[in-house]
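Notes follow once the structure below has been shown.
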Amino acid sequence: MWFTKSIEETLEELNVEPSTGLSEEEASGRLEKYGPNKIQKKKKRTILQLFLSQLNNTLIYVLFGAVVITLFMREYIDTVIILLVIIINAVLGVVQEVKAGKAIEALKKMSYPKALVKRDGEVKEINSEKVVPGDILILDAGRFIAADLRLIESVNLQIEESVLTGESVPSDKDAKFITDNLKIPLGDRVNSAFTSTLVTYGRGVGVAVRTGMKTEVGKIADIIDTEEEEPTPLEIRLDELGKTLGKLAIGSCVLIFVIALLQGRDWSEMLLTAVSLAVASIPEGLVAIVTVVLSIGVTSMSKRNAIVKRLPAVETLGSVNIVCSDKTGTLTQNKMTVTKYFNLSEGEIPLRRENGKNTTEAARLLAKAMILCSDATYENAVGTGDPTEIALLIFGDKLGIDRKKLNDTNKRVGELAFESDRKLMSTLSSEDGRLTVYTKGAIGKLLKICTHVLENGKVVPITEAHRKKYFDATENMSAEALRTLAAAYKPVDSVIDSSEMEKDLILLGLVGMIDPPRDEVKLSIQKAKGAGVTTIMITGDHKNTAFAIANYLDIAERKEQAITGEEIDNYSDEEFTNMINRFRVFARVSPQHKVKIVHALKAKGNIVSMTGDGVNDAPSLTAADIGVAMGITGTDVAKSASDMILADDNFATIISAIEHGRNIYSNIKKSILFLLTCNLGEVVAMFVSILIGFPAPLIATQLLWINLLTDSLPAVALGMDPGDPDVMIEKPRAPKESFFVHGAGMRAIGGGILIGALTIFAFWYGYYEHGYSPFDDFVPENILGYARTMAFMTIISCQLFYSLAFRNSIKSVFRIGFFSNKYLIGTIILGLAMQLMIIGIPAMQDAFKLQMLDFGGWINVVLLGLVPLTFNEIEKIFIRYRRRVSTGAI
């Protein structure tokens with residue numbers, strides 16, 4: 001580990017002289033040995049490969065089975081329709097996925113600017129891809145770092161490392177620092193610098209110790225590359241459903257064929273009937289309907305600032321029970337803000353906007369010192385420079401200070417720049433001929449060089465009592481995870497040397513600052529908690545700071561619920577997984593720790609969402625069930641690795657997306673149950689009719705019409721049902737929860753049997769109305785056609801009206817609003833119109849072997865069609881009554 005080695009050991013091991021650097025010849029040899037300094041590009045899947053991957057699904061295999069069956073039956077139009085369903089489904093999936101899987105390319109694009117290196121004793125700028133281990137790199141403010149470095153010189157060097165650590169404040173660097181702690185977090189390696197981070201202040205020199213895929217950014221790319229994509233809960237359940245339906249179709253075929261042979265029927269006719277029954281068993285429109293409903297959900301969520309990249313991820317959101325969130329920029333504003341100040345005249349004062357109306361002279365002088373001792377700018381809500389100094393400028397604004405006027409009347413005539421050893425910065429200002437030194441820095445350093453304090457408007461000698469008050473104020477602010485900064489001043493008679501500035505100062509006060517939580521986050525976390533969703537903070541920031549924010553947001557209650565990455569390393573994977581549920585805050589963690597945390601949570605059966613914006617978040621975004629990237633502040637790497645992007649960077653949008661995901665799953669479940677109920681009705685009608693000796697009440701063409709069009713339209717409309725307002729009162733459903741839990745399976749079976757029975761009755765009535773029976777040996781062809789028309793129109797009527805019952809398993813359709821889903825009402829009307837069309841147009845009559853019904857037939861079709869809906873409404877009355885009894889409401 002290079003950070004544990006001295007500068008001399010590092011240079012010796014890399015065989016380089018810092019004064020001259022590598023020779024061009026040596027650099028060329030090392031480039032050959034170590035390879036170019038770039039991220040290796042992952043081979044992308046072609047559009048064809050993406051398309052074929054969409055077909056790797058058991059339900060699709062079942063549909064291919066239906067294609068073979070319809071070809072065998074020479075129903076070529078039906079074959080084409082089913083193939084179109086398969087192709088459309090695959091195309092929709094490809095369109096969503098072509099936008100994903102670009103994390104490595106994004107890393108490659110962002111990481112490599114020019115590098116300033118020393119070679120053959122000369123400083124030259126080269127393409128960073130040519131940087132090799134042993135190269136001496138020159139660092140100055142505004143330069144991106146091209147490789148992982150062991151610093152060999154540092155002068156007031158500060159590097160912004162938030163893309164790797166998540167910290168919003170630049171890190172102070174010290175080349176002389178050495179540690180023997182091999183597990184020291186990335187953000188605490190002050191003698192190192194990392195690829196893609198930015199020098200914000202000072203200067204330095206470093207020797208390249210790692211390049212390309214060996215860098216910290218390279219390790220992240222490798223994690224993303226090797227992380228396997230797991231199927232979503234919906235994909236798993238649909239795959240299981242496909243296997244079940246496939247077995248059911250084959251079993252039905254075999255069984256009905258055997259029964260028909262035992263009954264002595266014509267085997268060729270029964271083979272055709274058996275194939276028809278297989279068609280009835282397969283809901284051909286199911287795959288396309290699920291895809292369409294998910295696509296509608298994606299469109300709807302994009303209007304709510306949640307952009308979903310992969311269709312099944314929409315449904316997975318509804319299963320999420322753990323939201324792991326990065327702190328900086330996600331839960332917080334990613335903006336250092338002064339929240340409190342202290343002076344001996346007022347004590348500790350929380351900072352609010354209204355402070356400016358009655359600012360005391362002591363507070364004004366404290367802010368004045370902070371502003372004049374700063375190199376940052378802040379105009380029109382845009383700041384440049386050190387984030388801490390920008391926060392101090394805004395502090396002055398809140399106290400009502402006119403900074404433009406202040407800067408115009410105070411001319412800087414001298415300064416002593418900040419140094420990490422001193423932890424102080426001083427300036428000498430001239431105002432109306434009066435000279436004043438202003439100094440800001442660490443309170444511990446200032447207390448050592450201040451001889452006086454400002455107290456109640458008077459300058460008095462500093463005492464131990466004064467020091468104690470400052471120490472207490474500092475302790476109080478630190479306990480709230482505030483970073484403290486103090487200021488002092490002294491008037492002078494003439495321009496003095498910088499070495500004399502930081503002596504005999506008058507202490508003014510101190511400020512406490514923090515990257516504050518977003519205003520809307522706390523309410524969103526409470527809403528999530530009510531819905532059974534736990535929020536966990538994962539950050540590269542310090543433990544105390546992380547816990548203070550988590551405690552304020554009600555994420556964590558006790559400090560024991562916080563753990564650092566260094567502490568995580570003390571446990572084996574198994575031990576850590578067993579204790580994962582104890583913690584709500586993970587601080588000072590590396591990208592590898594984040595992935596380990598996500599894997600441990602998933603090992604406990606959780607469905608995990610991970611939010612983040614930096615490069616350091618990309619591996620955990622990939623590992624999570626749902627990776628959520630920030631759209632505004634998020635890096636391209638984070639966006640590419642995620643499943644969903646928040647267009648407004650708002651944590652509250654995640655909770656809204658979870659609510660929407662739950663409603664989408666509920667709608668998908670309604671659609672699937674409706675389709676399976678309808679198919680079961682068809683199977684019951686066909687199977688029972690054959691079993692009792694009736695002719696087949698429906699032919700294959702009619703069954704395909706029902707499955708692909710008549711069933712499918714209401715199923716899509718159910719997928720567009722308005723959201724249930726009670727969905728966030730419920731707990732997250734279990735990842736392995738079946739579609740058929742909570743009585744849904746029994747309702748589907750009951751509904752299917754009832755629809756099948758009514759269809760058989762209508763089929764019988766078609767005979768009876770004309771004086772025949774299905775058991776008769778000789779029945780005219782037109783009577784059989786009329787009876788099949790009765791069965792066909794009745795089963796469709798039952799299915800269309802019964803779709804209303806699926807909108808809610810407990811509430812009456814009249815309570816939730818008969819017309820609140822206008823799409824469903826429209827599809828019912830359209831479905832009935834389509835039946836009138838195929839029965840009224842002679843060419844279609846012949847194609848589907850139908851006959852026009854008489855008035856009595858139509859009355860029976862409508863009355864029989866309303867029976868399942870009526871039974872369901874009566875059943876719901878009893879369900880609601882039992883619930884009221886069980887809850888003590890009655």
Side-chain angles (χ1 to χ4, degrees), residues 158 168-170 201 335-353 355-356 359-379 383-419 422-431 435-447 449-450 452-454 470 473-474 477 482-491 501-502 505-516:
Q158 294 183 345
S168 54
V169 176
Y201 192 81
K335 183 174 66 176
M336 291 302 293
T337 305
V338 176
T339 58
K340 187 179 284 190
Y341 67 90
F342 170 84
N343 59 52
L344 293 173
S345 304
E346 301 172 89
E348 291 183 41
I349 304 295
L351 184 64
R352 301 183 182 90
R353 179 64 65 178
N355 287 118
T359 305
T360 64
E361 190 57 36
R364 188 176 293 275
L365 190 53
L366 173 63
K368 180 180 179 181
M370 295 293 190
I371 293 167
L372 293 176
C373 199
S374 169
D375 293 322
T377 66
Y378 184 76
E379 300 296 336
T384 61
D386 185 272
T388 299
E389 292 193 342
I390 294 171
L392 296 175
L393 300 184
I394 297 172
F395 167 59
D397 293 346
K398 289 183 178 179
L399 292 182
I401 292 175
D402 186 339
R403 285 191 289 112
K404 187 178 186 304
K405 182 179 178 182
L406 183 66
N407 287 320
D408 288 343
T409 56
N410 285 266
K411 182 182 178 183
R412 185 181 293 188
V413 294
E415 68 178 282
L416 181 58
F418 173 85
E419 289 183 6
R422 290 180 13 257
K423 296 189 182 299
L424 297 170
M425 174 184 176
S426 297
T427 60
L428 178 59
S429 296
S430 173
E431 182 180 18
L435 294 167
T436 308
V437 172
Y438 295 102
T439 301
K440 73 172 177 9
I443 182 63
K445 296 289 185 180
L446 275 175
L447 282 171
I449 58 175
C450 287
H452 293 73
V453 294
L454 186 69
Y470 272 101
T474 304
M477 291 186 187
L482 301 181
R483 300 171 188 262
T484 57
L485 200 65
Y489 81 109
K490 72 174 177 180
M501 286 183 183
E502 294 171 357
L505 296 171
I506 303 163
L507 190 57
L508 289 170
L510 62 90
V511 299
M513 62 185 77
I514 197 169
D515 179 13

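Worth knowing before you read on, the calculation uses all heavy atoms, side chains too, and leaves out hydrogens, waters and symmetry mates.
Nearest approach of R364 to G400, heavy atoms of both residues: NH1-O, 4.2 Å. Residue Y201 comes nearest to F418 through the heavy atom pair OH-N, 3.9 Å, listed as atom of the first residue, atom of the second, then distance. In plain terms, the two heavy atoms of A367 and G396 that are nearest each other are CB-CA, 4.1 Å. Listed here is the closest heavy atom pair of D397 and I401: OD1-O, 4.1 Å. Residue S430 comes nearest to L435 through the heavy atom pair CB-CD2, 3.7 Å, listed as atom of the first residue, atom of the second, then distance.
Between L399 and L351 the shortest side-chain heavy-atom distance falls below 4.5 Å. Using a 4.5 Å cut-off on side-chain heavy atoms (C-beta onward), T339 and Y341 make no contact. Two residues are said to be in side-chain contact when any heavy atoms from C-beta on lie closer than 4.5 Å; E379 and K404 fail this criterion. Side-chain contact between F395 and I371: absent, with no pair of heavy atoms (C-beta onward) separated by less than 4.5 Å. Inter-residue side-chain proximity for Y489 and K368 is flagged as unmet; no heavy-atom pair is nearer than 4.5 Å. In this structure the side chain of E346 reaches within 4.5 angstrom of the side chain of T360, judged on heavy atoms. Between L416 and R422, some side-chain heavy-atom pair lies under the 4.5 Å cut-off. Residues L372 and R412 have side chains not in contact (no heavy-atom distance under 4.5 Å, counting atoms from C-beta outward).
Atoms NZ and OH, from K490 and Y438 in turn, are 13.5 Å apart once rounded to the nearest 0.5 Å. Note that SG of C373 is 9.0 Å distant from CD of E415, once rounded to the nearest 0.5 Å. Note: T388 OG1 to R483 CZ = 7.0 Å, rounded to the nearest 0.5 Å. With rounding to the nearest 0.5 Å, the separation of CG in N343 from CD in E348 is 10.5 Å. Going from atom CG of D375 over to atom CD1 of I390 covers 11.5 Å, rounded to the nearest 0.5 Å. Rounding to the nearest 0.5 angstrom, the gap separating the CD atom in E389 from the OH atom in Y378 is 15.0 Å.
Side-chain contact check for S426 and E502: at least one donor-acceptor pair (N or O, by modelled atom type) lies under 3.5 Å.
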Between side-chain atoms of residues 506-514 and protein atoms elsewhere (two or more places apart, or another chain), which donor-acceptor pairs fall under 3.5 Å?
none

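L485 pairs in a side chain to side chain contact (heavy atoms under 4.5 Å, CB included) with only one of the listed residues (I443, L392, L446), which is L392.
Side chain of D515 to main chain of M336: no donor-acceptor pair is present (N/O by atom type, distance under 3.5 Å, no hydrogens or angles). Not one N or O on the side chain of S429 forms a donor-acceptor pair closer than 3.5 Å with the backbone of T427. For the pair T409 (side chain) and K405 (backbone), a donor-acceptor distance under 3.5 Å is present.
D402 is linked by a side-chain hydrogen bond (donor to acceptor under 3.5 Å, both in side chains) to nothing, counting only residues two or more places apart in sequence or in another chain.
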